[in-house]
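Here is the structure we will look at, set down as structure tokens.
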Amino acid sequence: MDKFRMMFQFLQSNQESFMNGICGIMALASAQLYSAFEFSCPCIPEYNYAYGIGLLVIPPIWFFLLGFVLNNNVSMLAEEWKRPTGKRVKDPTILRYMFVSITQRSLIAPMVWISVTLMDGKSFLCAFSVNLDIRQFGNSTLIEGMTEVEIVKMLAKIPCKNIFDQPEVISREAASRYIKCISQAFGWVFLLLMTLAAFMIRAIRPCFTQAAFLKTKYWSHYVDIERKLFDETCKEHAKTFAKVCIQQYFESISGDMRSFHKHRSSKDDSDDDDDDKKKSDEDKLLGIRDQDDMNKVLWNWHTCKPPLALRKEQPDGESHEGLIPNGDVHGVSGGPNGYTNHHAPDLPKREWAVYYSKV
């Protein structure tokens with residue numbers, strides 16, 4: 001059990017590895033689902049094509065949408081796309097990079113399903129058996145005496161071995177092998193094209209736009225990590241807020257909750273421990289102790305996120321932005337020393353004491 005817990009914690013901490021694992025599981029599930037699926041072609045001219053193409057297209061669409069549903073970055077992408085601009089400008093390249101990354105992972109399972117389906121050939125045989133040239137595999141003398149409707153009905157029964165009742169007119173085995181060979185050829189071409197496209201995306205794109213690619217990748221990771229840290233901070237604040245609220249409730253009811261701690265060694269030690277706990281709880285609350293204030297904080301985070309420009313504080317607690325606003329390297333008024341009207345500000349003067357020795 002501990003090994004599974006460690007594995008889950010590792011995958012949860014590494015979002016990319018977790019999503020790659022999900023995509024791999026979905027790909028294996030698609031192949032296993034197809035092998036366990038009982039293929040039953042209707043063998044009716046009006047339904048063969050719809051059933052065969054539907055089996056080839058609809059499950060990949062379902063797997064593709066399921067990949068989006070299981071990807072945690074979809075909600076983050078939608079939130080980043082729909083949020084107000086506020087103090088932080090939205091970068092379309094980051095949104096495009098996140099969408100492409102999600103789409104690439106979601107396409108793995110559909111590609112596996114289409115490849116397995118084409119390699120098996122049953123769906124292709126069911127869909128296109130009616131379009132087969134019967135003169136290549138049938139008895140021409142018997143075919144000439146059949147109507148067009150009878151020929152179509154006979155061709156539609158080729159995928160169904162149990163109900164095919166005219167082996168003397170056409171060789172069912174030869175026709176099935178011919179269509180399955182075409183299906184497998186399309187399967188290998190599909191795999192080749194998908195592999196080539198993946199190579200082009202993974203290898204060639206970073207070579208031409210390496211700087212832009214690194215910048216986009218960095219900020220996409222930043223958005224993901226920022227959201228996780230914000231959720232963890234909110235969770236920690238909610239836990240502390242609930243703890244303090246419950247403690248205050250019991251203190252107001254009982255009047256003195258410290259009576260429960262009589263078993264401790266001394267009263268002073270318990271007081272010190274309580275003070276330390278209260279201080280730690282105050283630090284976790286970050287000065288937000290009201291429901292309306294917390295609602296304002298959450299609303300402002302969504303509507304007006306802080307700009308991505310950290311302030312570097314001076315040793316005395318003052319920021320550089322107060323000395324050099326708007327990028328003016330000469331100071332507030334353009335003076336050479338950065339002081340207003342070429343005068344130094346009223347800074348606290350240091351007193352010096354000088355002692356002279358007569359020795």
Do the side chain of [X] and the main chain of [Y] share a donor and acceptor less than 3.5 angstrom apart?
X    : Y    : result
S115 : G187 : no
N48  : A127 : no
S252 : Y249 : yes
N295 : Q291 : yes
N71  : G67  : no
T117 : W113 : yes

Using every non-hydrogen atom in the two residues, find where [X] and [Y] come nearest and quote the distance to one decimal.
X    : Y    : result
S123 : L55  : OG-CB, 4.1 Å
K87  : C304 : CG-SG, 3.3 Å
L118 : L56  : CD2-CD1, 4.1 Å
H237 : L285 : NE2-O, 3.0 Å
G52  : C126 : N-SG, 4.5 Å
C160 : C41  : SG-O, 3.5 Å

Around atom [atom1] of [X], are there more than 12 heavy atoms from other residues, nucleotides or ligands closer than 6.0 Å?
X    : atom1 : value
W188 : CH2   : no
Y47  : OH    : no
Y49  : OH    : no
K305 : NZ    : yes

Begin with the C-alpha distance, continue with both residues' side-chain angles, and end with the deciding distance and a verdict on side chain to side chain donor-acceptor pair (under 3.5 Å) for S129 and R172. CA-CA 10 Å; S129 62; R172 177 189 171 276; over 6 Å; no
Can you name the residues that form a side-chain contact (heavy atoms from CB on, under 4.5 Å) with L95, not counting sequence neighbours?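 For L95, the residues satisfying side-chain contact (heavy atoms from CB on, under 4.5 Å) (neighbours in sequence not counted) are L77, E80, W81.
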Once side-chain contact (heavy atoms from CB on, under 4.5 Å) is applied, do any residues pair with T85, and if so which ones, sequence neighbours excluded?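 Partners of T85 under the side-chain contact (heavy atoms from CB on, under 4.5 Å) test: K90.
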Does V57 share a hydrophobic cluster with L191, counting links as ILVMFWY side-chain heavy atoms below 4.5 Å and allowing steps through other members?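 Different hydrophobic clusters.
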Any idea how F124 and F128 line up, ring-wise: parallel (<30°), tilted (30 to 60°), or perpendicular (>60°)?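 Plane angle between 30° and 60°, so tilted.
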For F186 and F190: C-alpha separation, side-chain torsions, deciding distance, then whether ring-ring contact (aromatic ring centres under 6.0 Å, His included) applies. CA-CA 6 Å; F186 277 110; F190 177 78; over 10 Å; no
Once you round to the nearest 0.5 Å, how far does [atom1] of [X] lie from [atom2] of [Y]?
X    : Y    : atom1 : atom2 : result
T303 : W299 : OG1   : CH2   : 6.0 Å
F99  : Q104 : CZ    : CD    : 11.0 Å
F63  : I58  : CZ    : CD1   : 13.0 Å
S106 : F68  : OG    : CZ    : 4.5 Å

Do the side chains of E232 and K228 get close enough for a salt bridge, i.e. N-O under 4.0 angstrom?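 Answer for the salt bridge query: no.
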R88 with E226: basic N within carboxylate O range, under 4.0 Å: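 Judged by the 4.0 Å cut-off on N to carboxylate O distance, R88 and E226 do form a salt bridge.
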Could you tell me whether the side chains of S220 and R96 share a donor-acceptor contact shorter than 3.5 Å?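 Checked: S220/R96 side chains show no N/O donor-acceptor pair below 3.5 Å.
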